[in-house]
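Note that the structure is predicted; figures quoted are calculated from it, not measured.
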Amino acid sequence: MKPFERGIYLLPNLMTTIALFAGFYAVIAGMQGQFEAGAIAIFVAMIFDGLDGRVARMTNSSSAFGAEYDSLADMVSFGLAPALLLYQWALQDFDKLGWVVAFIYTAAAALRLARFNTQVGVADKRYFQGLPSPAAAALLAGLVWMVESNNLNTGVEPLVALVLTFFAGIMMVSNVRFSSFKELNLKGKVPFVTLLVVVLVLVIITIKPALFLFLIFIAYAISGPIMTLLGLKKSRSLRRKSKQVESEASESVDSDEKDASVEVHNKEKV
């Protein structure tokens with residue numbers, strides 16, 4: 001084995017390290033009461049987590065080491081950091097229930113990442129099975145960022161945080177399918193209107209980033225259960241139609257057999 005083959009690729013693993021540092025910083029910021037900074041750090045971790053894989057593919061520097069390192073960094077940035085940030089921010093108001101829910105989220109993130117790693121190359125690339133851990137982390141971080149940046153203090157924020165943390169944890173380990181958007185062809189040509197819509201969305205996000213990012217990720221988290229329910233309703237309708245067609249076909253066959261039997265019986269009489 002050549003010496004350089006025993007090393008690691010610098011650029012993609014540097015992106016992963018920055019994402020890991022952002023998650024670590026989110027924990028420190030939460031411990032110091034800087035909740036808004038901690039929430040923003042989780043979004044920064046999301047950006048670099050998305051970049052490391054793309055950089056690895058663009059530079060043809062993918063490796064088993066990078067995949068394992070990325071998974072461990074995700075556990076810190078999207079499993080541990082959001083749970084501790086939410087606990088310091090609001091969940092500690094619920095005493096034991098608070099840290100239990102925070103742990104449920106952390107354990108769910110670990111299970112979600114483990115399941116994802118075992119399904120690489122097997123699962124349908126169009127969908128994620130369970131809510132992706134970065135999206136779950138963004139949901140919680142978006143809530144903290146929105147409340148802190150707008151100085152909201154209605155008294156229901158801790159309860160909302162408790163429910164959302166539990167919901168995000170359950171969605172991560174569920175069998176609910178979420179769109180991966182991997183079927184979108186970003187390299188191909190798109191209509192001019194599409195470009196205008198993308199620019200408009202980016203402009204809207206820059207006006208109130210905390211609010212709109214939270215709304216985007218909560219809509220994505222809800223889209224999975226809605227798609228699943230619609231899919232179940234559609235499959236039931238198809239099964240019902242299939243049974244109806246089979247029943248009508250069976251009745252038609254029985255009717256033909258009866259007619260044939262009567263015809264034979266009449267011939268015998270004659």
Side-chain angles (χ1 to χ4, degrees), residues 19 22-23 26 35-54 74 77-79 81-83 85-86 89-90 105 108-109 112-113 116 125-152 154 156-157 159-174 176-186 190-191 193-231:
F35 303 116
E36 186 174 355
I40 294 173
I42 290 175
F43 279 100
V44 172
M46 280 188 62
I47 294 172
F48 283 96
D49 177 66
L51 286 175
D52 61 2
R54 285 168 175 79
D74 286 353
S77 300
F78 309 129
L85 182 67
L86 265 290
W89 182 62
Y105 174 89
R112 170 71 179 79
L113 289 167
F116 177 80
K125 293 183 178 181
R126 296 175 301 169
Y127 303 100
F128 292 120
Q129 185 178 0
L131 182 65
S133 56
L139 178 63
L140 301 187
L143 173 66
V144 177
W145 190 7
M146 180 188 68
V147 172
E148 291 294 317
S149 62
N150 293 284
N151 295 318
L152 300 178
T154 61
V156 299
E157 290 83 11
L159 182 60
V160 173
L162 184 76
V163 173
L164 273 186
T165 304
F166 183 75
F167 170 75
I170 294 301
M171 284 295 102
M172 280 192 288
V173 295
S174 69
V176 175
R177 296 197 306 176
F178 292 84
S179 177
S180 66
F181 301 108
K182 291 182 179 180
E183 69 273 13
L184 295 177
N185 184 13
L186 300 178
V190 295
V193 177
T194 304
L195 180 60
L196 289 178
V197 171
V198 171
V199 172
L200 181 61
V201 170
L202 292 175
V203 170
I204 292 174
I205 290 176
T206 57
I207 296 173
K208 284 280 188 180
L211 175 62
F212 286 108
L213 284 174
F214 174 69
L215 292 177
I216 288 171
F217 281 103
I218 198 169
Y220 180 69
I222 295 173
S223 68
I226 292 175
M227 287 172 54
T228 301
L229 290 174
L230 292 176

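- Looking at Leu139 and Phe214, their side chains come closer than 4.5 Å, going by heavy atoms from C-beta outward.
- When the shell of 6.0 Å around CZ of Phe212 is examined, it contains more than 12 heavy atoms from other residues, nucleotides or ligands.
- Nearest heavy atom pair, residue Trp89 against residue Val144, reads CE3-CG2, 3.7 Å.
- Taking CG of Leu131 as the start and CD1 of Ile170 as the end, the distance is 11.5 Å to the nearest 0.5 Å.
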Checklist entry - Does the side-chain contact (heavy atoms from CB on, under 4.5 Å) test come out yes or no for Phe35 and Val147, once each step is laid out? => result CA-CA 10 Å; Phe35 303 116; Val147 172; over 6 Å; no
Checklist entry - Can you check side-chain contact (heavy atoms from CB on, under 4.5 Å) on Phe78 and Met46, steps first, answer last? => result CA-CA 8 Å; Phe78 309 129; Met46 280 188 62; 3.6 Å; yes
Item to check | side-chain contact (heavy atoms from CB on, under 4.5 Å) evaluation trace for Leu230 with Ile226 | outcome: CA-CA 6 Å; Leu230 292 176; Ile226 292 175; 4.0 Å; yes
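- Remark: side-chain polar atoms of Ser180 are paired, donor with acceptor, to backbone N or O of Arg126 under 3.5 angstrom.
- Shown here for Asp49 and Pro134, the closest heavy-atom pair between the two residues is OD2-CG, 4.0 Å.
- A heavy-atom distance below 4.5 Å is not found between the side chains of Leu202 and Thr206.
- Across all their heavy atoms, Ala45 and Gly23 have their closest contact at CB-N, 4.3 Å.
- Formation of a donor-acceptor pair under 3.5 Å by the Tyr220 side chain with backbone atoms of Ser179 is found in this model.
- Summarising the geometry, atom CG belonging to Asp74 is positioned 7.5 Å from atom CG belonging to Asp52; distances are rounded to the nearest 0.5 Å.
- Heavy atoms only, all atoms of each residue included: Phe43 and Ala138 are closest at CZ-O, 3.6 Å.
- Taking CD1 of Ile222 as the start and CZ of Phe178 as the end, the distance is 10.0 Å to the nearest 0.5 Å.
- To the nearest 0.5 Å, the span separating CG on Leu143 from CG on Leu213 amounts to 13.0 Å.
- Nearest heavy atoms, Ile42 versus Ala26: CG1-CB, 3.8 Å.
- Looking at heavy atoms from C-beta onward, Phe116 lies out of side-chain contact with Pro132 at the 4.5 angstrom threshold.
- Of the possible polar contacts, none joining the Thr228 side chain to the Val176 backbone as a donor-acceptor pair under 3.5 Å is found.
- Shown here for Glu36 and Glu148, the closest heavy-atom pair between the two residues is CB-CB, 4.0 Å.
- Remark: side-chain polar atoms of Ser149 are paired, donor with acceptor, to backbone N or O of Met146 under 3.5 angstrom.
- A donor-acceptor pair is defined here as one N or O able to donate and one able to accept, closer than 3.5 Å; no such pair exists between the side chain of Tyr105 and the backbone of Leu164.
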